*Asks:* 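First, the structure itself, so that you have it in front of you.
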Amino acid sequence: MTFFLKTTILMGRGSLENIKKLVSEGERVLVFSSKSMDRLGFLKEVIDYLDEAGATYESITGLPSEPSIENVEELLPKVKDFSPETFIALGGGSVIDISKALKVFYDAPELDFDSVAIFSRFKKAQPLPKLKTKLIAVPSTSGAGSEVSAATVIKKGDIKYTIVSPELCPNYAILDPRLPENMPREVARNSGLDVLVHAIEAYVSKASTPFSDAMAVKAARTILEKLEDSVNGDPTAREEVHYAATMAGIAFLNGRLGLVHAMSHKAAWIGPHGLINAILLPYVMEFNMEKAREKYDAMAKELGLSNAEELLQKVKELNERLNVPKLSEIVSEEDFTSRLDEMSRKAYEDPLVNFNPVEPSVDDIKNIYLRAFHD
């Protein structure tokens, strides 16, 4: 067993100011920012700190919320023209993910997406070489865990694929709770529920360790106790959930994820990632608990609950209180049925299935999708 964390984490209110300590005079810095971080003044704050440090910088704003390989290819010439030594990713998980993908193809232009992205657990992806560009991640949402993870999630067509390598772990993560205070209610809900899925999947994974378990339990407890207050805008709860998102990221960096994510990545066309995860989680838990309930029992007890069923009930109740819709409310039966076989087959091939506590068949996955739709 190993426990790995490459990223130095800087946290606390006002911690964004650390930017000026992390870059040197004359360093070429490219800032990727979401529109909201520009609108709310945080991009200007970052640029002011870069000015103070004497860095040379440019910024790119308005990045897509669900980045695709086409988006990466479109931005790559701008990156090459500027020749940065450092990337700063300022925004949600998608901004950090596209920054990571750009780092791959900027530092190693000889690579192509199809060779390094993971399309199937039955086919090995090409490992990444050593990447040189420094990456500073500043998350504005509280869910993806991309600020510490070794993966980037990029769409090709309607399906999300991952590139995974320790080379993708950011060098620094800045967790300034001022940034997520501005999250819309729905984003706070969906991203926070994503944290719970990360925590539970990392804990029950075949690759879990006592160290990743500790991070997973703390993150899950925070979500179960604080997410509703966070969604309702309480700043203290938002701060705690923001830190929990990174803890869950550390948990799955080491313990990995499972069938919920394998299935949600293939259902990315239906809706936001965190929301699809939240919808699928209870059904995957029920499936796994039939043959591997011990890990769910253990997590329940660490959370002060009596057993796996009580944990499952807590998950369902949280979804209900936060008005998580049914799958049938966000996608038509015709569209869902037309894609069901393809989704089930591709989810079965997803590498994350290797870490799920139970090995499912294609039919098992299809039945989970159907239960989630018809329940």
Side-chain angles (χ1 to χ4, degrees), residues 34 36 64-68 71 92-94 97 141-146 153-162 183-201 223 227-228 230-232 241 245 257-288 312-348 350 352 360 362 364-375:
S34 64
S36 64
S65 59
E66 298 281 351
S68 67
N71 299 138
S94 295
D97 275 353
T141 57
S142 310
S146 192
V153 180
I154 299 292
K155 284 175 83 169
K156 184 173 184 180
D158 286 331
I159 291 174
K160 291 184 175 182
Y161 298 97
T162 54
M183 275 191 296
R185 181 185 178 90
E186 193 169 302
V187 175
R189 178 195 70 179
N190 294 348
S191 60
L193 289 167
D194 200 15
V195 176
L196 183 61
V197 179
H198 291 158
I200 292 175
E201 289 216 288
I223 296 304
L227 183 57
E228 284 175 272
S230 172
V231 169
N232 291 328
V241 169
L257 296 167
L259 186 55
V260 178
H261 275 77
M263 292 177 67
S264 70
H265 284 164
K266 309 318 171 208
W269 58 279
I270 296 175
H273 170 71
L275 183 63
I276 302 302
N277 270 344
I279 292 170
L280 292 173
L281 177 61
Y283 303 98
V284 172
M285 287 179 69
E286 287 173 342
F287 169 77
N288 285 340
L312 175 61
Q313 190 58 34
K314 285 278 185 186
V315 168
K316 290 180 176 179
E317 288 171 358
L318 184 62
N319 278 0
E320 286 173 15
R321 289 198 303 272
L322 291 174
N323 298 313
V324 171
K326 300 293 183 186
L327 203 51
S328 57
E329 294 170 359
I330 59 173
V331 62
S332 72
E333 186 164 12
E334 183 182 357
D335 287 346
F336 181 76
T337 304
S338 71
R339 303 283 291 269
L340 180 60
D341 286 340
E342 179 196 16
M343 287 194 301
S344 302
R345 179 178 53 79
K346 289 189 172 178
Y348 172 75
D350 192 292
L352 293 176
V362 176
D364 288 332
I365 293 170
K366 185 175 180 178
N367 288 332
I368 295 168
Y369 275 131
L370 286 169
R371 284 199 61 210
F373 186 85
H374 290 295
D375 195 353

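Remember, predicted model here, so these are calculated numbers, not experimental data.
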*Asks:* Quick one: does any side-chain atom of S94 pair with a main-chain N or O of S65 as donor and acceptor, under 3.5 Å?
*Replies:*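 Judged by distance alone, yes, a pair lies under 3.5 Å.
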
*Asks:* Quick check against the 3.5 Å criterion: does E329 have a side-chain atom that pairs as donor or acceptor with the backbone of K326?
*Replies:*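 Yes: the side chain of E329 pairs with the backbone of K326.
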
*Asks:* For K160 and W269, run side-chain contact (heavy atoms from CB on, under 4.5 Å): C-alpha distance rounded to whole Å, both residues' side-chain angles, the deciding distance at 0.1 Å, then the answer.
*Replies:* CA-CA 9 Å; K160 291 184 175 182; W269 58 279; over 6 Å; no

*Asks:* Please name the pair of heavy atoms, one in S146 and one in D97, separated by the smallest distance, quoted to 0.1 Å.
*Replies:*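 Between these two residues, the closest heavy atoms are OG-OD1, 2.8 Å.
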
*Asks:* Assess whether atom CD of E186 is packed by more than 12 heavy atoms of other residues, nucleotides or ligands within 6.0 Å.
*Replies:*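 Check fails, neighbour count at 12 or below.
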
*Asks:* Kindly assign one of parallel, tilted or perpendicular to the pair F373 and F336, based on the angle between their ring planes and the thresholds 30° and 60°.
*Replies:*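 Geometry flag for F336 against F373: parallel rings.
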
*Asks:* Kindly determine whether S142 and M183 satisfy side-chain contact (heavy atoms from CB on, under 4.5 Å), including the steps that lead there.
*Replies:* CA-CA 9 Å; S142 310; M183 275 191 296; 3.7 Å; yes

*Asks:* To the nearest 0.5 Å, what is the distance between CG on D194 and CG on N277?
*Replies:*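 Reported value, rounded in 0.5 Å steps: 5.0 Å.
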
*Asks:* Side chains of I200 and V315: does their closest heavy-atom pair fall under 4.5 Å?
*Replies:*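 In short, these two side chains touch, coming nearer than 4.5 Å.
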
*Asks:* So, Y283 and D375: side-chain donor and acceptor under 3.5 Å apart, yes or no?
*Replies:*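 Present: a donor and an acceptor within the cut-off.
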
*Asks:* Quick one: does any side-chain atom of D335 pair with a main-chain N or O of V331 as donor and acceptor, under 3.5 Å?
*Replies:*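 No; zero donor-acceptor contacts below 3.5 Å.
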
*Asks:* Going by side-chain contact (heavy atoms from CB on, under 4.5 Å), E286 matches just one of L281, I368, L312. Which one?
*Replies:*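 Considering L281, I368, L312, a side-chain contact (heavy atoms from CB on, under 4.5 Å) with E286 is found only for L312.
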
*Asks:* Compare every heavy atom of G92 with every heavy atom of T141, then report the nearest pair and how far apart it is.
*Replies:*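 Nearest heavy atoms, T141 then G92: OG1-CA, 3.3 Å.
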
*Asks:* Strictly distance-based, threshold 3.5 Å: is any side-chain N or O of E201 a donor or acceptor partner for the main-chain N or O of V260?
*Replies:*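 Indeed, once roles are kept as given, a pair shorter than 3.5 Å links the two residues.
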
*Asks:* Any chance you could lay out the side-chain contact (heavy atoms from CB on, under 4.5 Å) test for V324 and N190, step after step, and finish with the verdict?
*Replies:* CA-CA 9 Å; V324 171; N190 294 348; 6.0 Å; no

*Asks:* Looking at Y369 and M263, would you say the former's side chain and the latter's main chain have a donor-acceptor pair under 3.5 Å?
*Replies:*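 Such a contact is found between Y369 side chain and M263 backbone.
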
*Asks:* Does any N or O in the side chain of R189 come within less than 3.5 Å of the main-chain N or O of N323, such that one atom is a donor and the other an acceptor?
*Replies:*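 Yes, R189 side chain to N323 backbone: donor-acceptor pair under 3.5 Å.
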
*Asks:* When you compare the side chain of H273 with that of H261, does any pair of heavy atoms fall below 4.5 Å?
*Replies:*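 Result yes, sub-4.5 Å side-chain heavy-atom pair found.
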
*Asks:* What pair of heavy atoms forms the shortest contact from P325 to L275, and how long is it?
*Replies:*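 Looking at all heavy atoms of both residues, the closest pair is CD-CD1, 3.7 Å.
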
*Asks:* Have a look at S264 and tell me which of L257, L259, L352, L280 forms a side-chain contact (heavy atoms from CB on, under 4.5 Å) with it.
*Replies:*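 Of L257, L259, L352, L280, side-chain contact (heavy atoms from CB on, under 4.5 Å) with S264 is met by L280 alone.
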
*Asks:* Kindly compute the distance separating OH (Y348) from CG (D364), expressed to the nearest 0.5 Å.
*Replies:*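 If I round to the nearest 0.5 Å, the distance is 10.0 Å.
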
*Asks:* Could you measure the distance from the OG atom of S338 to the CD atom of E333? Nearest 0.5 Å is fine.
*Replies:*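 Taking OG in S338 and CD in E333, the distance rounds to 11.0 Å.
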
*Asks:* What's the separation between atom CG in L322 and atom CG in N232, rounded to the nearest 0.5 Å?
*Replies:*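 Interatomic distance, L322 CG to N232 CG, rounded to 0.5 Å: 8.5 Å.
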
*Asks:* Check step by step if side-chain contact (heavy atoms from CB on, under 4.5 Å) holds for I223 and L318.
*Replies:* CA-CA 9 Å; I223 296 304; L318 184 62; 4.1 Å; yes

*Asks:* Would a distance-only check, ignoring hydrogens and angles, find a side-chain to backbone donor-acceptor pair under 3.5 Å from N319 to A278?
*Replies:*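 A pair under 3.5 Å: yes.
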
*Asks:* Give the minimum heavy-atom separation between A372 and L327, together with the two atoms involved.
*Replies:*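 Smallest interatomic distance, heavy atoms only, reads O-CB, 3.6 Å.
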
*Asks:* Please give me the minimum heavy-atom distance between E66 and P272, naming the atom from each residue.
*Replies:*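 Nearest heavy atoms, E66 then P272: OE2-CA, 4.4 Å.
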
*Asks:* Without swapping roles, check the side chain of H198 against the backbone of G143 for a donor-acceptor pair under 3.5 Å.
*Replies:*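 Side chain of H198 to backbone of G143: a pair is present.
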
*Asks:* Between N71 and S68, does a side chain to side chain donor-acceptor pair (under 3.5 Å) hold up when you go through it step by step?
*Replies:* CA-CA 5 Å; N71 299 138; S68 67; 3.0 Å; yes

*Asks:* Start with the C-alpha gap between K266 and E342, add the side-chain angles, then the distance that decides, and say whether salt bridge (Lys or Arg N to Asp or Glu O under 4.0 Å) holds.
*Replies:* CA-CA 9 Å; K266 309 318 171 208; E342 179 196 16; over 6 Å; no

*Asks:* Please report the shortest heavy-atom distance between A188 and L227, naming the atom on each side.
*Replies:*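 Result for this residue pair: O-CD1, 3.8 Å.
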
*Asks:* Hey, could you give me the CZ/NZ distance between R321 and K316, rounded to the nearest 0.5 Å?
*Replies:*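 Rounded to the nearest 0.5 Å, the CZ-NZ separation comes to 14.0 Å.
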
